[in-house]
Amino acid sequence: MINLGRFNGGTMPQVRLYATWVDHLMEVIAFLLLLGIWVFTLLNIDKVPSEARSGVYMQNGALTFAIILMGACAYAPLGSYNFPFRLTEYNYVTQYQLASRLCRGMTIGIALLMGCLLAGQFNTILHLDPQIVSYLVPVGITVSVIPFAVYYLLAFLWR
């Protein structure tokens, strides 16, 4: 159940959404970010102390699991979503499309957040300024929150 609010989509007729080029582009961006994070990790893992390597692998594994899970949620049926606004026969397709795009946007946000965390862990390899590293996590969190804000704004406008 993807809980975005209190109105269940199970009472509406089932609808089949076909992914548009924007949806596929969002999925490709998330996959490329994931692939880049794994390649960077595997190329630079020998520079990480041996006691910290398992944590880096655990973080990348959690990122892979989260991206697969959020990508699968984008294809969940209408009845598995709870929406923030009342569904009518005029708006349920739009609300469903917005919710599925939220899942795709969250995959990008999660990948960027994990990339920022990974950059903080590999600070000595990247030779980043410590002030820049201290700003990476808040920037990653902000980028992760943006899809929620856009979703709730558009869901409110098209209710």
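Note that the structure is predicted; figures quoted are calculated from it, not measured.
Shown here for F83 and A99, the closest heavy-atom pair between the two residues is CE2-CB, 3.9 Å. Of all the heavy atoms in P13 and Y92, the pair that sits closest is O-CE1, 3.4 Å. Considering every non-hydrogen atom in both L17 and S100, the closest pair reads CD1-OG, 4.1 Å. A pairwise comparison of heavy atoms in R53 and I45 identifies NE-O, 3.1 Å as the closest pair. G71 approaches T107 most closely through the heavy-atom pair N-CG2, 3.8 Å. For the pair Y96 and A76, the tightest heavy-atom approach, listed with the atom from each and the gap, is OH-O, 2.6 Å.
M106 and L117 fall within the same hydrophobic cluster, where Ile, Leu, Val, Met, Phe, Trp and Tyr residues are linked whenever their side-chain heavy atoms come under 4.5 Å apart, directly or through other members. Under a hydrophobic-cluster definition in which Ile, Leu, Val, Met, Phe, Trp and Tyr are linked whenever side-chain heavy atoms come within less than 4.5 Å, directly or via other members, L98 and M70 are assigned to the same cluster. Note: the hydrophobic cluster containing L112 does not contain V56 (ILVMFWY, side chain heavy atoms under 4.5 Å, direct or indirect links). The hydrophobic clustering, which links ILVMFWY residues whose side-chain heavy atoms are closer than 4.5 Å, places M114 and L34 together. Cluster membership for V15 and L87, using ILVMFWY side-chain heavy atoms within less than 4.5 angstrom, is shared.
Note that the CG atom of L35 and the CD1 atom of I67 stand 10.5 Å from one another [nearest 0.5 Å]. L33 CG to I110 CD1: the interatomic distance, rounded to the nearest 0.5 Å, is 12.0 Å. Atom CD1 in I108 sits 12.0 Å away from atom SG in C103 (nearest 0.5 Å).
At least one donor-acceptor pair under 3.5 Å links the side chain of N91 to the backbone N or O of T88. Side chain of T41 to main chain of I37: a donor-acceptor pair is present (N/O by atom type, distance under 3.5 Å, no hydrogens or angles). Remark: the backbone N or O of A155 is paired with a side-chain donor or acceptor of Q95 at under 3.5 angstrom. Between the side chain of Q14 and the main chain of P77, no donor-acceptor pair closer than 3.5 Å is present.
Residues W38 and T64 have side chains in contact (heavy-atom distance under 4.5 Å, counting atoms from C-beta outward). Within the 4.5 Å cutoff, no side-chain heavy atoms of F65 are placed close to those of N60.
Within the structure, salt bridge (Lys or Arg N to Asp or Glu O under 4.0 Å) pairs that include any residue of residues 86-101 comprise D23-R101 (at least two apart or interchain).
In this view, Y151 satisfies the ring-ring contact (aromatic ring centres under 6.0 Å, His included) rule with no residue, not counting sequence neighbours.
Atom OH of Y135 has 12 or fewer heavy atoms from other residues, nucleotides or ligands within 6.0 Å. The environment of F31 atom CZ is sparse: at most 12 non-hydrogen atoms of other residues, nucleotides or ligands sit within 6.0 angstrom.
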Side chain to side chain contact (heavy atoms under 4.5 Å, CB included) evaluation trace for L42 with Y57: CA-CA 9 Å; L42 293 176; Y57 285 130; 4.0 Å; yes
Give the table of side-chain donor-acceptor pairs shorter than 3.5 Å for residues 136-150, with sequence neighbours excluded, one pair per line with atom names and distance.
unit_1: T142; atom_1: OG1; unit_2: P138; atom_2: O; d: 2.7
unit_1: S144; atom_1: OG; unit_2: G109; atom_2: O; d: 2.9
unit_1: S144; atom_1: OG; unit_2: G140; atom_2: O; d: 3.0

